[in-house]
Amino acid sequence: DARWALVADFSAYNGADIQASMNGLRGRFEVYAYISSDSVYEVSALAASGWSSSCDPVAEAASERPADAAQRRKLKKADSYGDGKLEAEEALAAALDEASGRGVALRLPDVIGPFDD
């Protein structure tokens, strides 16, 4: 079977999208690059704490979800986009634990277009 050197995913919105890609690719890639968003921080434990943190600059741990289920639901309701993107990152990490490829999630800052106010 052929293997792709790089898969660039610009469209996954949630964990189900990542899982569908993983099922289709069946591990036939070297690197999976997922275009995520800095919105993942909006649903993190850091956001739940009111952004009080000692991490400067922002560290990877700053994107971890809060342990409290009620806080998680509240943050998801406030930012479903960030929640979906973080779910996709989590699904990618889990899938890569089972696959032979490597992956990266690139958290791009807000992209403003002609239909954004």
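Note that the coordinates shown come from a computational prediction; the quantities given were computed from them, not determined experimentally. Quick note: numbers below take in every heavy atom, side chains included, and nothing from hydrogens, waters or symmetry partners.
Remark: side-chain polar atoms of Ser80 are not paired, donor with acceptor, to backbone N or O of Lys77 under 3.5 angstrom. Ser44 places a side-chain N or O within donor-acceptor distance of the main-chain N or O of Ala62, the cut-off being under 3.5 Å. At least one donor-acceptor pair under 3.5 Å links the side chain of Tyr34 to the backbone N or O of Ala12. Under the 3.5 Å distance criterion, the side-chain polar atoms of Lys76 are left unmatched by any main-chain donor or acceptor of Gly82. Distance alone, capped at 3.5 Å, places no donor-acceptor pair between the Asn23 side chain and the Arg26 backbone.
Atom OH of residue Tyr41 and atom CG of residue Leu46 lie 9.5 Å apart, to the nearest 0.5 angstrom. Once rounded to the nearest 0.5 Å, the distance linking OG of Ser63 with NZ of Lys85 reads 14.0 Å. Between Asn14 atom CG and Leu86 atom CG the span is 12.0 Å, to the nearest 0.5 Å.
No side-chain donor from either of Arg107 and Ser39 sits under 3.5 Å from a side-chain acceptor of the other.
Checking Arg73, Arg72, Arg65 one by one against Asp83, the side-chain hydrogen bond (donor to acceptor under 3.5 Å, both in side chains) holds for a single residue, Arg65.
Between Ala16 and Glu87 the shortest heavy-atom distance is N-OE2, 4.2 Å. Across Pro66 and Gln71, no two heavy atoms sit closer than the pair CB-OE1, 3.5 Å. The minimum heavy-atom distance linking Gly15 with Ala91 is given by the pair CA-CB, 3.7 Å. What you find for Arg28 and Ala2 is that their closest heavy atoms are CB-O, 3.4 Å. Heavy atoms only, all atoms of each residue included: Val7 and Trp4 are closest at CG2-CB, 4.3 Å. Minimum heavy-atom separation, Ile35 to Leu108: CG2-CD1, 3.3 Å.
In this structure, Glu42 and Leu75 have side chains that are not in contact, with every pair of non-hydrogen atoms separated by 4.5 Å or more. Within the 4.5 Å cutoff, the side chain of Asp9 has heavy atoms near those of the Ile18 side chain. Two residues are said to be in side-chain contact when any heavy atoms from C-beta on lie closer than 4.5 Å; Leu6 and Phe29 fail this criterion.
At a threshold of 4.5 Å between side-chain heavy atoms, the hydrophobic network of Ile, Leu, Val, Met, Phe, Trp and Tyr places Phe10 and Tyr81 in two separate groups.
With sequence neighbours excluded, no residue forms a side chain to side chain donor-acceptor pair (under 3.5 Å) with Asp79.
Between Glu30 and Arg102 there is no salt bridge, since none of the side-chain N atoms of the basic residue sits less than 4.0 Å from a carboxylate O of the acidic one.
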